[in-house]
There are 2 protein chains.
Amino acid sequence: MPAMRPRTPPDDVLERLTAHCRESGMKVTPQRIAVYRAVAGSCAHPTPDEVFHEVRADMPSLSLATVYKTFDCLVELGLIARVANDGSTHRYDANLEPHHHLVCGSCDSITDFTDAGLSRLRLPRNLDGFAPEKVSVQVIGTCEDCQDDLR
Amino acid sequence: MPAMRPRTPPDDVLERLTAHCRESGMKVTPQRIAVYRAVAGSCAHPTPDEVFHEVRADMPSLSLATVYKTFDCLVELGLIARVANDGSTHRYDANLEPHHHLVCGSCDSITDFTDAGLSRLRLPRNLDGFAPEKVSVQVIGTCEDCQDDLR
DNA sequence: CTATCTGCAAAAACTTTGCTTACCC
DNA sequence: GGGTAAGCAAAGTTTTTGCAGATAG
């Protein structure tokens with residue numbers, strides 16, 4: 001049975017950020033903390049604009065440019081990853097555990113899931129010289145909410 | 001063993017376009033033929049801008065806006081699909097057979113491959129109400145060319 | 001003929017950059 | 001203190017839109 005990820009627990013978010021920043025000589029600023037918290041606390045793979053509005057509620061001085069720069073910085077630190085999607089804006093994910101995506105073709109939502117069976121995927125031996133590092137499965141379909149809407 | 005897709009054969013490209021257009025009351029224009037040919041004849045999952053420049057060589061009057069509109073129309077007709085990627089531009093694929101992607105983290109190239117084993121993937125039974133339609137596996141890693149460059 | 005499509009230009013949406021001031025370490 | 005980062009505004013990209021003239025069916 002699959003395990004749906006509820007959301008990244010806010011446990012050691014600050015510690016992880018601090019450790020990674022220190023290691024790279026980068027500063028731990030309130031903006032970085034807030035942006036990282038927002039991504040880590042969401043399971044919706046938010047866009048820069050979404051995070052901007054969410055964080056801005058508590059930090060009115062925040063600028064969108066800072067959000068963009070912060071995302072680049074967090075990716076560089078290896079704390080978040082950009083999520084492949086077919087929309088027109090970037091999306092980010094703080095879940096770095098191996099996992100897969102349920103992509104709703106109707107509302108474009110992306111939901112994480114993990115599954116032991118899928119994690120044991122066997123790749124073909126010969127990939128024409130391509131060196132695989134990790135595997136992510138995208139399941140395209142219709143989410144429960146959108147099915148409901150069709151009734 | 002995996003089968004690398006060489007490229008969609010240009011066989012019935014025109015017939016397919018004509019049939020789909022007729023069915024939807026859309027017109028078969030030189031621009032649509034040329035854009036569809038360009039995507040179908042590429043295995044590089046091209047961007048609108050790339051297709052624009054390629055087709056424009058033979059059709060100097062072509063405008064980028066038409067390329068965008070044509071892509072939307074071809075997607076609507078079900079002849080091509082937008083490819084999920086984490087760059088900042090759209091990419092399209094005329095290969096509608098079930099297949100998977102080798103994504104190079106270094107040069108961002110996306111290469112199609114198919115594999116009988118992967119095609120028999122077993123999804124978990126319970127996806128929290130999500131209704132799966134199709135599955136696409138993304139293998140992230142380093143392509144042969146980029147490995148060579150590192151030597 | 002007529003409804004649809006093209007090309008153009010302008011607007012909108014998204015992302016990056018440069019620079020001055022602020023502030024973490 | 002010194003160097004990194006934030007905020008602002010401007011510029012750069014990518015995508016969408018509206019409309020007048022062109023064209024496929």
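Convention: sequence-line order gives letters A, B, ...; per-chain numbering from 1.
A heavy-atom distance below 4.5 Å is not found between the side chains of A:Leu14 and A:Asp12. At a threshold of 4.5 Å between non-hydrogen side-chain atoms, the residues B:Phe71 and B:Val67 count as touching. You'll find the side chain of B:Leu123 reaches within 4.5 Å of the side chain of A:Val139, heavy atoms only. Between A:His101 and A:Thr111, the closest side-chain pair of non-hydrogen atoms is not below 4.5 Å. At a threshold of 4.5 Å between non-hydrogen side-chain atoms, the residues B:Val103 and B:Asp108 do not count as touching.
Looking at residues 70-87 of chain A, you'll see that no heavy atom sits under 4.0 Å from any atom of DNA chain C. Contacts of residues 18-25 of chain A with DNA chain D (heavy atom under 4.0 Å): none.
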Where do N or O atoms of nucleotides 10-13 of chain C meet protein N or O atoms at under 3.5 Å, pair by pair?
none

Each nucleotide N or O in nucleotides 17-22 of chain C that has a protein N or O under 3.5 Å away: list the pair and distance.
{"from": "C:dG18", "atom 1": "O6", "to": "A:Lys69", "atom 2": "NZ", "distance (Å)": "3.1"}

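Remark: B:Glu50 engages B:Pro46, B:Thr47 in a side chain to side chain contact (heavy atoms under 4.5 Å, CB included) (not counting sequence neighbours). Shown here are the side chain to side chain contact (heavy atoms under 4.5 Å, CB included) partners of B:Cys21, two or more places apart in sequence or in another chain: B:Leu17, B:Met26, B:Val28, B:Leu77. In this structure, the side chain to side chain contact (heavy atoms under 4.5 Å, CB included) partners of B:Ala38, at least two apart in sequence or on a different chain, are B:Val51, B:Glu54, B:Val55. Partners of A:Leu96 under the side chain to side chain contact (heavy atoms under 4.5 Å, CB included) rule, at least two apart in sequence or in another chain, are A:Ala81.
Comparing the end axes of the helix from C:dC1-D:dG25 to C:dC25-D:dG1, each fitted to five base pairs by superposing C1' atoms of four pairs onto the next four, gives an inter-axis angle of 40° (nearest 10 degrees).
Nearest-nucleotide mapping onto DNA chain C: of A:Tyr68 and B:Ser63, the residue sitting toward the 5' end is B:Ser63. Nearest-nucleotide positions on DNA chain D for B:Pro48 and A:Arg56 put A:Arg56 closer to the 5' end.
Taking 4.0 angstrom as the limit, B:Thr66 places none of its side-chain polar atoms (N or O) nearer than this to OP1 or OP2 of C:dC5. Phosphate contact (OP1/OP2 of C:dC24, side-chain N/O of A:Gln31, threshold under 4.0 Å): absent.
When heavy atoms are screened at a 4.0 angstrom cut-off, A:Ser61 is found touching the sugar-phosphate backbone but no base atom.
Judged purely by distance below 3.5 Å, without hydrogens or angles, the side chains of A:His99 and A:Asp93 pair a donor atom with an acceptor atom. A donor atom on one side chain and an acceptor atom on the other are not found under 3.5 Å apart for B:Thr114 and B:Glu97. Side-chain N/O atoms of B:Asp115 and B:His100 include no donor and acceptor closer than 3.5 Å. A donor and an acceptor atom, one from each side chain of A:Thr142 and B:Glu133, are located under 3.5 Å apart.
Pairs engaging residues 78-89 of chain A under the side chain to side chain donor-acceptor pair (under 3.5 Å) rule: A:Arg82-A:His90, A:Arg82-A:Tyr92, A:Ser88-B:His90 [sequence neighbours left out]. The side chain to side chain donor-acceptor pair (under 3.5 Å) analysis of residues 17-29 of chain A, with sequence neighbours excluded, yields no pairs.
B:Met26 has its CE atom 13 Å from the C1' atom of C:dA3, to the nearest Å. Atom CZ in B:Arg32 sits about 10 Å away from atom C1' in C:dT6, given to the nearest Å. Spacing between atom NZ of B:Lys27 and atom P of C:dC1 amounts to 16 Å, rounded to whole angstrom units.
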A:Asn95/A:His45 under side chain to side chain donor-acceptor pair (under 3.5 Å): CA gap, chis, key distance, verdict | CA-CA 9 Å; A:Asn95 179 8; A:His45 311 82; over 6 Å; no
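Side-chain N or O atoms of A:Gln31 include none that pairs as donor or acceptor with a backbone N or O of A:Thr66 at under 3.5 Å.
Here the range on DNA chain D touched by chain A, meaning any atom under 4.0 Å from one of its heavy atoms, is D:dG2 to D:dA9.
Cluster membership for A:Val83 and A:Leu102, using ILVMFWY side-chain heavy atoms within less than 4.5 angstrom, is not shared.
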